[in-house]
4 protein chains.
Amino acid sequence: MKRIGILTSGGDAAGMNASVRAIARSAMSAGLEAYGINYGFAGLVAGDIHKLESIDMDGIISRGGTVLYSARFPEFAEEKTQLKGIEQLKKFGIDALVVIGGDGSYHGAERLTQHGFNSIGMPGTIDNDIPGTDFTVGFDTAVSVALDALDRVNDTATSHQRTFIVEVMGRGAGDIALWAGIAADADAIVIPERDYDIQAIASKIKQNRANGKDHNLVVLAEGVMSAAEFKEKLDKFGVLHTRAITLGHVQRGGSPTARDRVLASRFGDFAVKLLLEGKGGLAIGIKDNKLVASDIIDTLENHKHVTDVSLQDLNDRLRF
Amino acid sequence: MKRIGILTSGGDAAGMNASVRAIARSAMSAGLEAYGINYGFAGLVAGDIHKLESIDMDGIISRGGTVLYSARFPEFAEEKTQLKGIEQLKKFGIDALVVIGGDGSYHGAERLTQHGFNSIGMPGTIDNDIPGTDFTVGFDTAVSVALDALDRVNDTATSHQRTFIVEVMGRGAGDIALWAGIAADADAIVIPERDYDIQAIASKIKQNRANGKDHNLVVLAEGVMSAAEFKEKLDKFGVLHTRAITLGHVQRGGSPTARDRVLASRFGDFAVKLLLEGKGGLAIGIKDNKLVASDIIDTLENHKHVTDVSLQDLNDRLRF
Amino acid sequence: MKRIGILTSGGDAAGMNASVRAIARSAMSAGLEAYGINYGFAGLVAGDIHKLESIDMDGIISRGGTVLYSARFPEFAEEKTQLKGIEQLKKFGIDALVVIGGDGSYHGAERLTQHGFNSIGMPGTIDNDIPGTDFTVGFDTAVSVALDALDRVNDTATSHQRTFIVEVMGRGAGDIALWAGIAADADAIVIPERDYDIQAIASKIKQNRANGKDHNLVVLAEGVMSAAEFKEKLDKFGVLHTRAITLGHVQRGGSPTARDRVLASRFGDFAVKLLLEGKGGLAIGIKDNKLVASDIIDTLENHKHVTDVSLQDLNDRLRF
Amino acid sequence: MKRIGILTSGGDAAGMNASVRAIARSAMSAGLEAYGINYGFAGLVAGDIHKLESIDMDGIISRGGTVLYSARFPEFAEEKTQLKGIEQLKKFGIDALVVIGGDGSYHGAERLTQHGFNSIGMPGTIDNDIPGTDFTVGFDTAVSVALDALDRVNDTATSHQRTFIVEVMGRGAGDIALWAGIAADADAIVIPERDYDIQAIASKIKQNRANGKDHNLVVLAEGVMSAAEFKEKLDKFGVLHTRAITLGHVQRGGSPTARDRVLASRFGDFAVKLLLEGKGGLAIGIKDNKLVASDIIDTLENHKHVTDVSLQDLNDRLRF
């Protein structure tokens, strides 16, 4: 093991730079070289690859986005493109690859592993929807950004006696909605993992208004429907003064939280440790507060992310 | 002069609480009493009025929204409703009224003044679109919140080589777009005060991409059109990888910036000073960094806010 | 079980309000009443106790400090004072008490339990130094505030080629220093749990400068020594351009992070659940990402917080 | 006029990068070339000078510190060193120089002008203490960072019934203390421009406590004395529960506020406009909200910054 390649792929997430830095620095610390691959799998196939120096990693831990860029590259689903990628890795003398990203990125790492090239998947996505880990890098920051917006919306809602429906990101997962919703004192949290009862939500809001709480907040995961659609439903059930907001892409970027930076640092260092032990073909994660690694093929094919839906029950008890 | 009434009206803006506090504290400091009127003109007519104590003003300077609440109340356009409001003010022994808000709120203050009740309009709106002042309370915070989002969007745009069109608030005025756009290094700022040349903007973005700058940002004032509409236009002119974002209500709330708090403090204190001097029927403002007061009727009927469109030229020079 | 008492005690921590709210709301949700006790154990003995309504809990989740206030009260070490406290609790018909705070607060809860009054300790301190839990409420916010300052200091250090020694809080524990230090790309982290080698740190900084990295950051836990003292030592070993900063009390307050709010919500709800099951005399915590409760007497007398010092090794690998 | 040189000097301030960018971009936009000089006057003399490209300016508007670095260089007080600097400028074909910084930096620009080299001083300092301008770039950000800390301290003060004395920066000027103090609802603001009455302040705090306001905040400008010294004085006058905090260097760095970014953009563009008109030897500023330029020699020798001390009276009225 001499050289480790690193790429970021899929939607960008805060903490991707912290991840790159951790892998590169930990590798250098162990006497290895680290190579950055630009534009994800597209850059891999194109050979857009360069050596990373320690000084290049200086200061990037605090920056959003990814210094290695990211790009969509559906062509990587084809075997011949995958083999082209391996060719490039070999050309640069790279012995192992760490892929930082979400679901799709993991599949790329899985394919390379199946073709015999030692690859590791490291979770970097705001959605927290990766199997094999309780938390992904980028999730804490996304929740924090969403909460910031929700706190502001609460100010307006309070002043104007309104009911805001705020749609947060998360793709098919309700994790961002649950965490941000609890933290923002939401009256209801609607997630794709569970059916919602529009009538019950409408009744609760009307009840709240009858009890003198005339501002209300519904946090809606994008995986359920759009805020505009949900607003329409609530309107039909007689909820007044509703407003729909979609937070959108602002949840992706920004300087990562301490927690995301530390998690990225631990993941990156752990990936290097595993590679040094001769291991590969793994998905990295944190479970029950411990670093874990699972077979990447098995993880992707036989497991899926399980959202902690009990948080919705918790919120119902706190906002009965 | 014994008692000053205070109300907030129209869309909420950060710094409304700082404004209420400044009027109330400055009044008390001069030996007067301050009365808070809840829910704007609606509460005025309904007599939802209470005495404010100094201790109630403690800590509210840092909070978004308005502790006096706000409400739409189109009925106040009718004369008999206005007279009902004056009746209530007299019932509570209130000698003068300060109205914090935007355009519509000023009209309410103007009407009361025309009916002989001494009223002062104090600018509290994120849009910065009030005649008689260079800056309104809430504008600096709104710009700051918009900028925060734009900085984040820039992270994502950079990582993904995208062109983001971000729609910011401002009603008919381009002020938020201009300030936030310059501060965010926008490639183009589109405002309602000036025609835009979609072809020129598209060319510039394509030129940028040809020159190696493959992330681009267009900041669009809501007074022009929606981000989705603008994106469609850009797409037609062959700009690739466009994404539309609408920042929305999150720009309203949140803890006010230092500048908005200080401006609100100066305005509130100035309003009390004017009332103590026996003046009224005024619109308060800051012009060329000096506190000014102009006749509220004349101001509303004969003047309008002038956006500093030279900022767009400035941006063009900085992003040629 | 009809009525639950709640108090906050010791140094304030972000998330104390979120904790109070969670206990109160969860209790009400189960048909119980919640009573707030002002000024910690001092207010308990003085009978400064009042019923909490759900509406009072509205919006406090986002606010720093504690709405129940806190106070030092060394007199509570005496048995007769403790018995006086129990008398007051009985007078108000309170059946169980939840104490939110740090080490000292836990001892109060332990004493009441020993006298037969069912009490639960809930971790609320920035220092993360409570036995029986991996994380305390307030820690994540304190780290986040410290990191914000460190990011700013890095800007200045980079511009001026300086070495900053920044002292962070944590009492006898190095947790804040470790988390904030890793997240801030610190060149060295100095904690009370391990000896430090001043010569090695000085050499590393001088080496960095020789290699072209002429800004350096040492994060120092207050439990080791003051920043000024450490600076003096570094100066003696020939490190140039050193500056000492003590972050101080600003780390305590502020709006809690999402993570602290969610943790507080889970802890509060869990405390009520335990009390409803007839359990008491417990210290609440989170271990390996699971809610746990341990005997409060045993926890305090036989266990102590174990800082994860392996984080220092991690940092050394990332900043070799 | 072909080439403009740019350097940053003195203590770093947020918005220095925005200033560099504005000068460089505006120059390029007018067909000129921009050259960056590293490490202030030290780098000037050493010839550490390089051409700036538009792409290098991308994204730096949002970053604290200065990409051109800064350094102390007392040697520049000597004439022969100044002449050495001019030699370097000529060697690189630079026709005019813009110096971004505070008082000391202006003196450097003045000297070069006196030796016949066209130089412009542009205000970049957190202290707001430059003659010839109402506001400096970096001031708004410093106030905003200080306020953020003060808001947090207020949380703790409220919870613990304490009196905090918080020392803010500003060198000999009280501007940061005044703005941050008003915005933070300070009970007293102590500035070097005016004598303070320790007995009156102590009485007011004791009076506050008697009236039920048992948390108090004194904002102290560093130009008066240290927080520790002031605390000692207050203690002697019988004020209880005092705590001293020094905010320190954290006020310097961080991402600049929108206002600082826009101000820097306007200043930089204005400097280029003046140079293009063949003018030089000027100090740039904003007065009464209008861009102004004054003779740099006259400005430095015959004028000094005048703090708006009426803000202290305003605060006294709001916190009577």
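Keep in mind that this is a model prediction, so the values were computed, not measured.
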**OP:** Can you tell which part of Leu178(B) gets under 4.5 Å to a heavy atom of chain D, answering side chain, backbone, both or neither?
**Re:**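 For Leu178(B), no heavy atom lies under 4.5 Å from chain D.
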Original post:
Can you say whether Ile55(B) sits under 4.5 Å from chain D via the side chain, the backbone, both, or neither, judging by heavy atoms?
Top reply: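 Side chain of Ile55(B) only, per the 4.5 Å heavy-atom cut-off to chain D.
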Do NZ/NE/NH1/NH2 and the carboxylate oxygens of [X] and [Y] come within less than 4.0 Å?
X: Asp151(D); Y: Arg63(B); result: no
X: Arg25(B); Y: Asp185(D); result: yes
X: Arg319(B); Y: Asp58(D); result: yes

[X] versus [Y], closest heavy-atom pair with distance:
X: Ile182(D); Y: Ser265(B); answer: CG2-OG, 3.6 Å
X: Asp269(D); Y: Arg317(B); answer: OD2-NH2, 2.6 Å
X: Ala258(B); Y: Ala183(D); answer: CA-CB, 4.1 Å

Is it the side chain or the backbone of [X] that comes within 4.5 Å of chain B heavy atoms, both, or neither?
X: Leu311(D); result: side chain
X: Asp134(D); result: side chain
X: Phe270(D); result: neither
X: Ser54(D); result: side chain
X: Ser255(D); result: side chain

Subject >> Note, Ser62(B) side chain near Asn154(D) side chain (heavy atom, < 4.5 Å) >> reply: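 No, every pair of side-chain atoms sits at 4.5 Å or beyond.
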**OP:** Mind checking the CD1-CG spacing from Ile61(B) to Leu147(D)? Nearest 0.5 Å is all I need.
**Re:**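 So the CD1 of Ile61(B) and the CG of Leu147(D) are separated by 8.5 Å.
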Subject >> Inter-residue atom distance Asn289(D).CG - Asp308(B).CG, 0.5 Å rounding >> reply: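 If I round to the nearest 0.5 Å, the distance is 8.5 Å.
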Subject >> Choice from Asn315(D), Asp148(D), Leu314(D) maximising heavy atom contacts with chain B below 4.5 Å >> reply: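 Top option by heavy-atom pairs under 4.5 Å: Leu314(D).
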**OP:** Sort out for me which of Asp288(D), Asp140(D), Asp260(D) touches chain B most, counting heavy-atom pairs under 4.5 Å.
**Re:**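 Most heavy-atom pairs under 4.5 Å with chain B: Asp288(D).
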Subject >> Working for side chain to side chain contact (heavy atoms under 4.5 Å, CB included), residues Arg259(B) and Trp179(D) >> reply: CA-CA 8 Å; Arg259(B) 191 156 284 260; Trp179(D) 282 71; 4.1 Å; yes
